[in-house]
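Comments concern the structure below.
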Protein chains: 2
Amino acid sequence: MATKGMQTATAGTDPELACPIGPVVDIVFSRWTTPILWSLHTHGRQRFVELERGIARITPKVLTQRLRQLERDGLVVRTYHPEVPPRVEYEISELGRSLAPLFAHLAEWATDNLDKVEQSRHDYDADSA
Amino acid sequence: MATKGMQTATAGTDPELACPIGPVVDIVFSRWTTPILWSLHTHGRQRFVELERGIARITPKVLTQRLRQLERDGLVVRTYHPEVPPRVEYEISELGRSLAPLFAHLAEWATDNLDKVEQSRHDYDADSA
DNA sequence: CAGTATCCGGCCGGATACTG
DNA sequence: CAGTATCCGGCCGGATACTG
């Protein structure tokens with residue numbers, strides 16, 4: 001959703017900009033970022049392998065990619081300890097921690113409404129058949 | 001992120017299930033769903049073309065797909081008026097409206113913290129070079 | 001341990017054209 | 001108007017193997 005060319009000469013405002021949460025969705029809710037942030041938030045500082053084991057089915061390559069992105073966005077702090085064997089620790093940053101109420105809010109919505117979504121899907125599929 | 005096989009015989013709880021917001025993210029924050037819900041929420045009931053015009057760069061095929069998904073999940077209500085030419089109207093459902101505080105929360109986080117993310121990216125890129 | 005390198009398949013979204 | 005049909009390219013993530 002990287003929006004290029006926002007300053008085109010089209011009349012009026014870019015309609016996509018009318019949705020003010022687009023950028024934040026890309027940052028916080030791209031694939032794997034929520035499980036990573038959640039794990040870091042609830043279990044505290046963790047090493048690479050710990051994260052790898054804690055998050056089912058993620059591959060090291062993808063975990064690295066996501067962690068780099070999160071680090072670049074300032075949501076996660078990476079600490080490298082030059083030992084043998086090397087030790088790297090990841091922890092959630094202040095900025096990342098500021099997402100906690102949002103996540104709680106999301107979790108609350110889930111517990112309140114996920115079954116309604118499930119029900120709706122069931123009904124919809126029944127009607128289609 | 002469709003999690004199959006949650007009831008496998010692996011010892012302990014599936015670690016990915018430890019993140020309780022995974023399913024909700026798939027429902028609410030998959031591509032194009034936020035602009036669609038946002039538009040429906042702020043501009044009220046809209047016809048297909050109105051949505052198509054209001055959301056920049058979305059194609060009719062993709063808009064249809066997303067609207068169907070949203071309808072199936074119970075977040076959007078579709079009303080078909082059998083006229084000539086046909087008229088179809090989409091509006092946000094009760095369930096969809098229940099996301100409003102969440103979206104407001106997200107928008108608030110964005111205004112408060114998006115510049116920090118931007119700054120962090122800038123710093124990160126500067127260090128890499 | 002904490003990654004990187006390489007290859008590869010699938011899927012999703014975009015473009016285009018067409019229809020009841 | 002409100003879609004559907006078809007084709008197609010790119011990208012992302014998964015699998016696998018290897019390294020300082």
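So that the names make sense, note that chain A is the first sequence line, chain B the second, and so on, each numbered from 1.
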* Parallel, tilted or perpendicular for His105(A) and His105(B), by the 30°/60° rule? -> tilted
* **Val49(B) side-chain proximity, nearest of dG14(C), dC1(D), dA2(C)** => dC1(D)
* Minimum-distance nucleotide (side-chain atoms of Pro85(B) versus dG14(D), dC1(C), dC1(D)) -> dC1(D)
Rounded distance in Å - [atom1] ([X]) to [atom2] ([N]):
X	N	atom1	atom2	result
Leu51(B)	dA2(D)	CG	C1'	12 Å
Glu52(A)	dG13(D)	CD	C1'	15 Å
Tyr80(A)	dA2(C)	OH	P	10 Å
Leu63(B)	dG3(D)	CG	P	8 Å

Report yes if at least one side-chain N or O of [X] is closer than 4.0 Å to OP1 or OP2 of [N]; otherwise report no.
X	N	value
Tyr90(B)	dC1(D)	no
Arg53(A)	dC1(C)	yes
Arg57(A)	dG14(D)	no

* To do: Would you kindly say whether Asp123(A) and Gln119(A) are connected by a side-chain donor-acceptor distance under 3.5 Å?
  => yes
* Taking only Lys NZ, Arg NE, NH1 and NH2, and the carboxylate oxygens of Asp or Glu, determine whether Glu89(A) and Arg47(A) approach each other closer than 4.0 Å. => no
* Indicate the atoms forming the closest heavy-atom contact of Phe48(A) with Pro60(A), along with that distance. => CZ-O, 3.7 Å
* **Distance-minimising heavy-atom pair for Trp109(A) and Leu99(B)** => CE2-CD2, 3.3 Å
If you restrict it to nitrogen or oxygen atoms, what contacts under 3.5 Å exist between nucleotides 4-12 of chain D and the protein, and what is each distance?
none

* Structure fact -> pair_partner(dC12(D)), Watson-Crick or wobble, both distances < 3.5 Å, evaluates to dG9(C)
* **Full working for side chain to side chain contact (heavy atoms under 4.5 Å, CB included) between Thr33(A) and Gln69(A)** => CA-CA 9 Å; Thr33(A) 55; Gln69(A) 175 194 323; 4.1 Å; yes
